[in-house]
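Below is one structure, written out as structure tokens, with a few remarks after it.
Lettering of chains follows the sequences in order, A, B, ..., and the numbering in each one begins at 1.
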Amino acid sequence: MKRYLPMLVALGGMVGLTIWMTNIGQVGFFPLAAPSKLLREVMRHLQIVVYAAALAIGVGLPLGFVLTRRAFRFVSPILVGLTNMGQTLPTLAFIGIFAVVLGLGLQAAVIALAVYALLPIVRNTYAGIRSVDPATKEAARGMGMSTAQIVWKVELPLAMPVIMAGIRTSTVLNVGTAAVAGMIGAGGLGEIIMSGLAMRVTEMVLQGAAPTAGLAIALDAVLGTAEQWLTPRGMKPATEMVFRG
Amino acid sequence: MIKLEDVTKIYPDGTKAVDDVTLEIEKGEFCVLLGPSGCGKTTSLKMINRLISLSQGKIYVDGRDVYQMDVNQLRRSMGYAIQEIGLFPHMTVEQNVTTVPRLLGWSKARCRERTAELLDLVGLSPPETFMRRFPNELSGGQKQRVGVARCLGADPPILLMDEPFGAIDPITRERLQDEFLRIQDEIRKTIAFVTHDIHEAVKMGDTIALMRDGILVQHAPPAEMLAHPKDSFVEDFVGSDRALKALQLMRVRDVMDETPPKVRIDESLETARGRMQELGVNFLAVVNEDERFEGWVNRRVLRRSGEQVKDVMMRYTVTGRRDTPVNEALSLMLGSAIGNLGVVDRRDKLIGVVTFRSLSEAIQASYSEDEDPDEAHAERETAA
Ligand SMILES: Nc1ncnc2c1ncn2[C@@H]1O[C@H](COP(=O)(O)OP(=O)(O)OP(=O)(O)O)[C@@H](O)[C@H]1O
Ligand SMILES: [Mg+2]
């Protein structure tokens, strides 16, 4: 429980700040977002992030896997280059380009974020599967497991912690990136932040920023727990084993 | 049972790892593939279960060409232990051990039962404790045992083992070897076992297949290889102490004197001296009323004052058994003042004595026997 404490404090702080700001109701001439509107934008924000993550996982996992197969290994240097390039590209420029191509709205935001999340997932899937000890795979083959059995019973379970780490980081980062999506009319908490900035109302900026941070913290905790849960006991560091008895 | 026929392996880069090897391993034979690093042992082994493809030649298992069989079926019918152990880190010991049984669709209950049986067999008890552990909760030696248990999983008639005791300290290694020999005594598998340790080969193998640079140099029982190395390479490989190594293949029962001169513990010194004179020996083994071994007397101690043998005798608790290897017996003899070794049965009853003389006579005899190798050996040599 102890290691969840900082997370809970931070989350509580963000929720508290959000409620506080919302309760102010109005600053000068400017009404802040009503609770119902706030809730709607939170849901919208989450929707963008989850759709993008689902899309990125759906494409990235198989892609990362296929790249580990011998026939496709020659592509992997290209993948590394692409990953590095993708991370140097400014978020704003990236989303802007997608908005130009796909038009303003939810679709462009989701696809832009999915592409953004894709590379870490592909890279981690690739690295996770490549890191499986060749001796383990040889033992599996030598005992008569079929290729499909080796993939499902050996390679994927052993790569799972690394794959999950990729999903987790990219998804949590995307909670922040999704705020930019507000600029291309996709809605979400970015919209509130944007209005606040435009009208120079600090309270409104906080009203949008605090729940964004809270969302990131909560999502990180949820995915972290899933990661723990999907990591086979035999692969956890020995120190953790001690605490678990 | 396993037959390699003119097998050659040339790797894509042109390395000729195995060069025209013909080798037959009979049913129930424990064949050790021996040779210096890089001589092609692992390659030969992996060609048997098709982990490595052949360049030329044929391999038959039970008379069937392995390339005519379904590859997974073939592999499931042979236990396989790789040099790096290669346990599945995400599976419990039970899941590891029952890898092949589960592939073959055994029921849960049967798998559980088999796990307990195998862990017991390899000395991991209580099985209930070890079953639930993960590989990272085991010591190196325990992992290796699990590797051996996994290899025996579905009770395959054939075992392929690549240095299964490679990464283990000498003491544990010795113990595992002993245990494995005991197991093999019970289960009689056909085994191809890779090692580069000559001691292990001599100790474990029914036959040794010695390789060099991909060529099978000699395939023979250890005793024969030690007595008659085929060429200078074999001679160098088995070492200049090969006569001493051969001792480990002989047992005390082969070299002991079964009618040793003896005296009862309550007989008088006079009687003892008389018997020694009469038999022309300079020691007597001392036994009690139940023929239990008690110690020794020699001329020197009989000169001491006393009435009965028990007043002056040298008490020795160091004894050998019928199946003690002769090299161990020799070491015990060298360490004792009397220079003899009493051989006792389970109830400590004296059944014989090993002396330096009986030892050297037996060794002489075994050498002259070997000058005339029996037909089986001759056959193997031509095969090699
Ligand atoms: N995949 C490969 N490609 C090219 N050459 C190889 C390959 N695998 C092994 N070799 C070479 O084939 C020869 C035999 O290798 P092998 O692994 O069978 O040796 P080994 O007798 O098992 O040695 P060790 O005792 O060191 O394990 C060596 O010279 C090795 O370098
Ligand atoms: Mg090897």
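Atom CD1 of B:Ile2 and atom SG of B:Cys31 lie 8.5 Å apart (nearest 0.5 Å). Taking CD1 of B:Ile191 as the reference point, atom OG1 of B:Thr207 lies at 11.0 Å (rounded to 0.5 Å). Atom CE of A:Met145 sits about 12.0 Å away from atom CZ of B:Arg75, to the nearest 0.5 Å.
Chain B forms more heavy-atom pairs under 4.5 Å with one residue of A:Ser146, A:Pro157, A:Pro134, A:Gly144 than with any other, namely A:Gly144. Contact tally against chain A (heavy-atom pairs below 4.5 Å) for B:Leu87, B:Asn72, B:Thr99: the top residue is B:Asn72. Contact tally against chain A (heavy-atom pairs below 4.5 Å) for B:Arg133, B:Arg76, B:Glu84: the top residue is B:Arg76.
If you measure heavy-atom distances from B:Leu51 to chain A, the contacts under 4.5 Å come from both the backbone and the side chain. Heavy atoms closer than 4.5 Å to chain A are found nowhere in B:Pro135, neither backbone nor side chain.
In this structure the side chain of B:Met161 reaches within 4.5 angstrom of the side chain of B:Val148, judged on heavy atoms.
Using a 4.0 Å cut-off between a side-chain N of Lys or Arg and a carboxylate O of Asp or Glu, B:Asp197 and B:Lys41 do not qualify as a salt bridge.
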